[in-house]
Amino acid sequence: MKKQIVTAALASMVALSSMTVAGIEEPKVYAATNVQNNQAAVEAKADQLISRAKGLIGKATYSNTVYQKTAPYKFSCASFLNFIFEKEGVDLATYNENYMLKQGTAVSKANLQKGDLVFFDSTPGNSDPANHIGLYIGNNKIIHMADSKQNIVISDMSKAYYRDNYAGARRVLPTLMSANPATKGDKVVASAYSLMNSSQSSSLTNASFVNRVFQNNGVQLGAATVSEQMKKGTYVSRSQLKKGDIVFFNSTKGSTKPTMAAIYAGDHRLVMKTSEGVISRVIFVDWYDQHYLTARRVLAGN
């Protein structure tokens, strides 16, 4: 359901901080690599997600203010899905269901398959397109963090609430997964994720993080600052972004001076180094949308 936790998270995002809870260690997240983006691979990944989700039944409680990723677990409906995807190597980069509703590709109710994200809206009069989300597990059923009374449950979508409040579905497998063989962009993205929660990243600045990611892939940017990095490669429009592109943001609206760079990870996701470490976000967040400057493509043939 719609959460105060999202409001708090957006405020922290404006400050470019990580969505963490004091005293809780962030688990490592890596881009899903070495998989074949065919139906068999999608089904295998979906089964892993479903198994992970079922394993949390009876072990987590509902909270719309706390996202606790170690026992005793506390999740909202969206942070529950963010957690299980994260644990299975697929980065949704958000625990806001309205942002999840923009990822992947739309899929009709008649064509749902395991691993799809399913959305519901019990308050159609407000501006939010959805206020609840679940993971489709087959046979017209979802697993989801329902509410404070039920916690994590498996529900049949033929029941009145799910039938009457159905708001759509998105297929994020395989769109959030790496190709096989991995493209140049996939490899850059994997390098960026490999530095998340790594001791190697502790001494990196935002600019040196970008340099390190490309160095790991045999590309020497030769740019010590974000401003210098913005002069490299070729311009690419926001609508044409591909994995491995560098996206630049300013700190002051209207300024042409970049103060932060991020690796574009595909499907609206960003990976960047901030004062909180290496984090991932979706570009839909107001701060990124309002402070977007430009993007550059430095990978030949990407």
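- Counting heavy-atom neighbours within 6.0 Å of Gln200 CD, excluding the residue itself, gives a total of 12 or less.
- Distance check: Leu92 CG to Leu117 CG gives 6.5 Å after rounding to the nearest 0.5 Å.
- If you take CG on Asp91 and CD on Gln103, they are separated by 8.5 Å, rounding to the nearest 0.5 Å.
- For the ring pair (Phe, Tyr, Trp, His ring centres under 6.0 Å) condition, the pairs that include at least one residue of residues 256-276, sequence neighbours left out, are His268-Phe284.
- When side chains are defined from C-beta on, Leu49 counts as touching Leu135, because their heavy atoms get closer than 4.5 Å.
- Listed by first and then second residue, the salt bridge (charged side-chain N to carboxylate O under 4.0 Å, His left out) pairs involving residues 202-228 amount to none (not counting sequence neighbours).
- A donor and an acceptor atom, one from each side chain of Lys45 and Gln48, are located under 3.5 Å apart.
- Phe80 is linked by a ring pair (Phe, Tyr, Trp, His ring centres under 6.0 Å) to Phe75, counting only residues two or more places apart in sequence or in another chain.
- Atom CG of Asn98 and atom CD1 of Ile133 lie 9.5 Å apart (nearest 0.5 Å).
- Side-chain contact annotation: Asn140 with Ser158, donor-acceptor N/O pair under 3.5 Å absent.
- Of all the heavy atoms in Met196 and Ser280, the pair that sits closest is CE-N, 3.8 Å.
- Using a 4.5 Å heavy-atom cutoff, the side chains of Trp287 and Phe249 are in contact.
- In terms of heavy atoms, Val189 sits closest to Ala265 at CG2-CA, 3.6 Å.
- Across Ala167 and Pro129, no two heavy atoms sit closer than the pair CB-O, 3.8 Å.
- For the residue pair Thr123/Asp128, the side-chain donor-acceptor check at 3.5 Å is not satisfied.
- A donor atom on one side chain and an acceptor atom on the other are not found under 3.5 Å apart for Gln113 and Glu43.
- Applying the side-chain hydrogen bond (donor to acceptor under 3.5 Å, both in side chains) test to every pair with at least one member in residues 236-247, sequence neighbours left out, gives these pairs: Asp186-Lys243, Ser237-Ser239, Arg238-Asp289, Asp245-Arg297.
- Here the closest heavy-atom approach between residue Gly115 and residue Val172 is recorded as O-CG2, 4.4 Å.
- With sequence neighbours left out, Asn206 forms a side-chain contact (heavy atoms from CB on, under 4.5 Å) with Val226, Met260, Ala261, Met272.
- Side-chain contact check for Gln220 versus Phe214: every heavy-atom pair is 4.5 Å or farther apart.
- When atom types are taken as modelled, the side chain of Lys59 and the backbone of Ala71 share no donor-acceptor pair closer than 3.5 angstrom.
- A heavy-atom distance below 4.5 Å is not found between the side chains of Asn250 and Lys257.
- Separating the CD1 atom in Ile137 from the CG atom in Leu112 is a distance of 12.0 Å, to the nearest 0.5 Å.
- Shown here are the salt bridge (Lys or Arg N to Asp or Glu O under 4.0 Å) partners of Arg171, two or more places apart in sequence or in another chain: Asp116.
- Contact check for Asn197 versus Val278: no side-chain heavy atoms found under the 4.5 Å cut-off.
- Annotation: side-chain contact (heavy atoms from CB on, under 4.5 Å) contacts of Asn111 (sequence neighbours excluded): Val107, Ser108.
- Residues Ser191 and Asn217 have side chains that bring a donor and an acceptor to within less than 3.5 angstrom of each other.
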*Please lay out, stage by stage, how Phe209 and Val213 fare under the test side chain to side chain contact (heavy atoms under 4.5 Å, CB included).*
CA-CA 6 Å; Phe209 163 74; Val213 168; 3.8 Å; yes

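- No donor-acceptor distance shorter than 3.5 angstrom exists from the side chain of Gln215 to the backbone of Val219, with no hydrogens or angles considered.
- Asn131 contributes a side-chain N or O that, together with a main-chain N or O of Ser122, makes up a donor-acceptor pair within less than 3.5 Å.
- Within the 4.5 Å cutoff, the side chain of Met230 has no heavy atoms near those of the Thr225 side chain.
- No side-chain heavy atom of Arg170 sits under 4.5 Å from any side-chain heavy atom of Met100.
- Partners of Lys114 by salt bridge (Lys or Arg N to Asp or Glu O under 4.0 Å), not counting sequence neighbours, listed by chain and number: Asp47.
- In terms of heavy atoms, Tyr99 sits closest to Asp286 at OH-N, 4.4 Å.
- Between the CD atom of Glu97 and the CG atom of Asp121 there is a distance of 9.5 Å, given to the nearest 0.5 Å.
- Hydrophobic clustering (ILVMFWY, side-chain heavy atoms < 4.5 Å, transitive): Leu56 and Val153 are in distinct clusters.
- Judged by the 6.0 Å and 45° rule, Lys69 forms no cation-pi pair with Tyr73.
- A donor-acceptor contact closer than 3.5 angstrom links the side chains of Asn82 and Tyr67.
- A donor-acceptor contact closer than 3.5 angstrom links the side chains of Ser76 and Ser79.
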Before giving the answer on side chain to side chain contact (heavy atoms under 4.5 Å, CB included), spell out for Ile152 and Ile143 the whole-Å C-alpha distance, their side-chain angles and the decisive distance to 0.1 Å.
CA-CA 7 Å; Ile152 299 172; Ile143 187 167; 4.0 Å; yes

- Message: Set out, in order, the CA-CA distance, both residues' side-chain angles and the distance that settles side chain to side chain contact (heavy atoms under 4.5 Å, CB included) for Val210 and Leu221, then state yes or no.
- Response: CA-CA 9 Å; Val210 173; Leu221 293 180; 3.9 Å; yes

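- We find the CD1-CG distance between Ile246 and Leu299 to be 8.0 Å, quoted to the nearest 0.5 Å.
- Listed by first and then second residue, the salt bridge (charged side-chain N to carboxylate O under 4.0 Å, His left out) pairs that reach into residues 151-163 come to none, sequence neighbours excluded.
- Counting non-hydrogen atoms of other residues, nucleotides and ligands closer than 6.0 Å to NZ of Lys109 gives a total above 12.
- For Tyr162, the ring pair (Phe, Tyr, Trp, His ring centres under 6.0 Å) partners are Phe120, His144, not counting sequence neighbours.
- With a 6.0 Å radius and a threshold of 12 heavy atoms from other residues, nucleotides or ligands, Asn139 has its CG atom at or below the threshold.
- Ring planes of Tyr161 and His132: perpendicular class, angle over 60° (limits at 30 and 60°).
- Arg281 places no side-chain N or O within donor-acceptor distance of the main-chain N or O of Leu270, the cut-off being under 3.5 Å.
- Asn211 and Ser208 share no side-chain donor-acceptor pair at under 3.5 Å.
- Residues Thr175 and Asp267 have side chains that bring a donor and an acceptor to within less than 3.5 angstrom of each other.
- Looking at residues two or more places apart in sequence or on another chain, you find no salt bridge (Lys or Arg N to Asp or Glu O under 4.0 Å) involving Arg269.
- Scored by the salt bridge (Lys or Arg N to Asp or Glu O under 4.0 Å) test, Arg52 finds Glu88 as partners (sequence neighbours excluded).
- Closest non-hydrogen pair, Ala207 versus Ala224, comes out as CB-O, 3.7 Å.
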